[in-house]
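Written below as structure tokens is the structure these notes are about.
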Amino acid sequence: MEDLKATPLRMHHEGLKALMAPFGGWLMPIQYEGILAEHKWCREQAALFDICHMGEFLFKGDLVAEGLEDVFTFSVKSIPAGRSRYGFLLNERGGVIDDLIVFRLAEDEVMIVVNAATTGNDLAVIRSRLKPGAQLTDISARTAKVDLQGPLSRDVLVEVIGPQVAGIPFFKFIRTKVLGADALVSRTGYTGELGYEIFLPAEKVAGLWERLLRDPRVKPAGLGARDLLRLEVGYSLYGNDLDDNTTPLAAGLSAFVNLDKSFVGKEALLEEQRKGADMVKIAFKGNSRRSPRHHYEIFHGGAKAGTVTSGAFSPMLGVGIGLGFVKPEAAKPGTVLTIKQDRVEMEAEVVELPFYPGGSLRS
Amino acid sequence: MAKHYTREHEWVSVSGTVATVGISDHAAHELGDITFVELPQAGKSVKQFDILAAIESVKAASDIYSPLSGKVIEVNSRLDDAPELVNQSAEDAGWICKLEASDLGEVGALMDEAAYQEFVQGLV
């Protein structure tokens with residue numbers, strides 16, 4: 001436990017009697033009052049998450065001349081200022097080193113937001129692909145991030161931050177003052193609900209956390225609820241559903257790969273496109289409240305066809321749901337599968353994403 | 001008769017030869033939100049400490065072991081649609097099943113409430 005990093009909000013979580021556990025090298029709140037209650041609050045009201053563990057890098061300079069344009073699976077230079085884009089950092093084999101979001105701050109300035117556990121390696125890899133001396137700074141330690149997610153999140157933030165929040169469209173952001181501090185407020189999230197990610201200086205986050213929790217529409221939610229919320233909309237979790245042996249094409253995420261530009265891993269993706277992937281991602285739905293779980297085995301027609309990478313009981317659907325990778329012949333929607341582990345056995349059907357389409361994401 | 005407990009956190013309460021079985025409040029709290037209970041088939045015979053049922057929470061799937069030998073005579077079918085009853089009332093309304101116990105002498109291998117509380121304290 002000694003080596004775990006703590007966010008600036010650790011004492012607040014302990015004060016709220018959160019259950020804390022290690023995640024990506026950090027001691028993080030897993031739940032406060034309970035995962036299902038927090039999940040429900042996010043679907044119906046506004047849930048507040050401490051996401052300070054995620055990494056942020058600042059790049060300054062000419063995007064093309066310094067080499068940043070060729071680092072990711074998407075074009076950075078074509079992102080208009082005030083917008084962000086999701087995509088991948090790949091290895092030579094086309095495997096996903098990380099999934100991330102790039103925020104275009106200005107003509108010559110972007111912020112890159114990455115997963116917690118991969119922050120150190122991402123920084124080294126990105127740096128190795130830039131021109132020597134390029135300005136890439138790890139600002140993770142001084143940058144705090146909280147997410148407010150849920151159908152009431154806009155109303156709450158208009159009151160707490162100001163009317164400028166009201167008009168932010170999906171995947172756009174504004175730079176504004178939040179309780180007197182310079183902040184970036186982005187209309188993004190990981191829950192399928194209307195929601196915002198707020199980046200601000202680490203020393204200012206406690207004030208915002210306390211202010212938001214004074215609002216009766218807001219309750220804190222932990223990483224347990226966050227995992228359930230993202231799975232119900234089918235978002236991949238790095239480390240479970242994506243890793244450096246998985247390509248974005250196999251993971252069904254080719255929408256975030258631009259094969260018309262150059263990037264590391266492109267040749268491997270083109271090769272995979274010609275030959276077809278050995279294993280492809282599926283979403284599946286069970287026929288009972290039983291939960292599929294990470295590492296359970298998937299069978300099709302009596303033969304092993306793949307492995308579950310994420311699974312849970314979905315409160316919105318009332319049945320077990322999951323993501324997994326299977327041989328392509330078992331991946332067609334409607335295919336009936338058997339999920340097994342030890343004594344557990346359940347039937348499931350391949351379905352299209354999202355599992356839960358009813359969220360307020362674009363409202 | 002007073003409740004007795006196993007080291008796997010099941011409880012049993014015997015009335016005549018009918019033994020009502022569930023999981024302890026401590027176990028329900030540790031599991032977190034319970035989302036599914038696999039109830040045993042009525043008529044199923046089990047030996048003491050055999051697997052009797054299974055329970056799933058948002059965090060984990062666990063087996064439930066039988067505190068006594070016997071035959072399942074009734075299951076708490078309310079748990080099919082409302083497994084959260086186990087969180088709300090693990091040692092009462094959230095009972096799992098009833099057994100016709102075949103050897104009440106087996107109670108001697110279980111802990112009484114005071115011994116179980118001490119056992120749980122020792123786990124923390």
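Proteins come first, then strands; the chains are lettered A, B, ... in the order of their sequence lines, and each starts at number 1. Just so you know, these numbers use all the heavy atoms, side chains as well, and skip hydrogens, waters and symmetry mates.
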- request: Go through the atoms of Asp80(B) and report whether side chain, backbone, both or neither lie under 4.5 Å from a heavy atom of chain A.
  value: backbone
- prompt: Taking atom NZ of Lys44(B) as the centre, does the number of heavy atoms from other residues, nucleotides or ligands within less than 6.0 Å exceed 12?
  reply: yes
- prompt: Should the heavy atoms of other residues, nucleotides or ligands under 6.0 Å from NZ of Lys304(A) be counted, would the total exceed 12?
  reply: yes
task: Please confirm whether the backbone N or O of Phe36(B) pairs with a side-chain atom of Arg290(A), one donor and one acceptor, at under 3.5 Å?
output: no
task: Walk me through it: do Glu56(B) and Arg289(A) pass the test salt bridge (Lys or Arg N to Asp or Glu O under 4.0 Å)?
output: CA-CA 9 Å; Glu56(B) 296 195 355; Arg289(A) 295 179 62 102; over 6 Å; no
query: Would Glu38(A) and Asp33(B) satisfy side-chain contact (heavy atoms from CB on, under 4.5 Å), going step by step from the backbone distance to the final call?
result: CA-CA 11 Å; Glu38(A) 292 161 29; Asp33(B) 292 321; over 6 Å; no
query: Looking at NZ of Lys59(B) and CG of Leu19(A), how far apart are the two atoms once the value is rounded to the nearest 0.5 Å?
result: 5.0 Å
Distance (rounded to the nearest 0.5 Å) between Glu84(B) CD and Leu36(A) CG: 8.5 Å
message: Looking at Glu38(B) and Arg343(A), is there a salt bridge between them, counting it only when a charged N and a carboxylate O are closer than 4.0 Å?
response: yes
message: Need one label for Gln31(A): side chain, backbone, both or neither, based on atoms under 4.5 Å from any heavy atom in chain B.
response: side chain
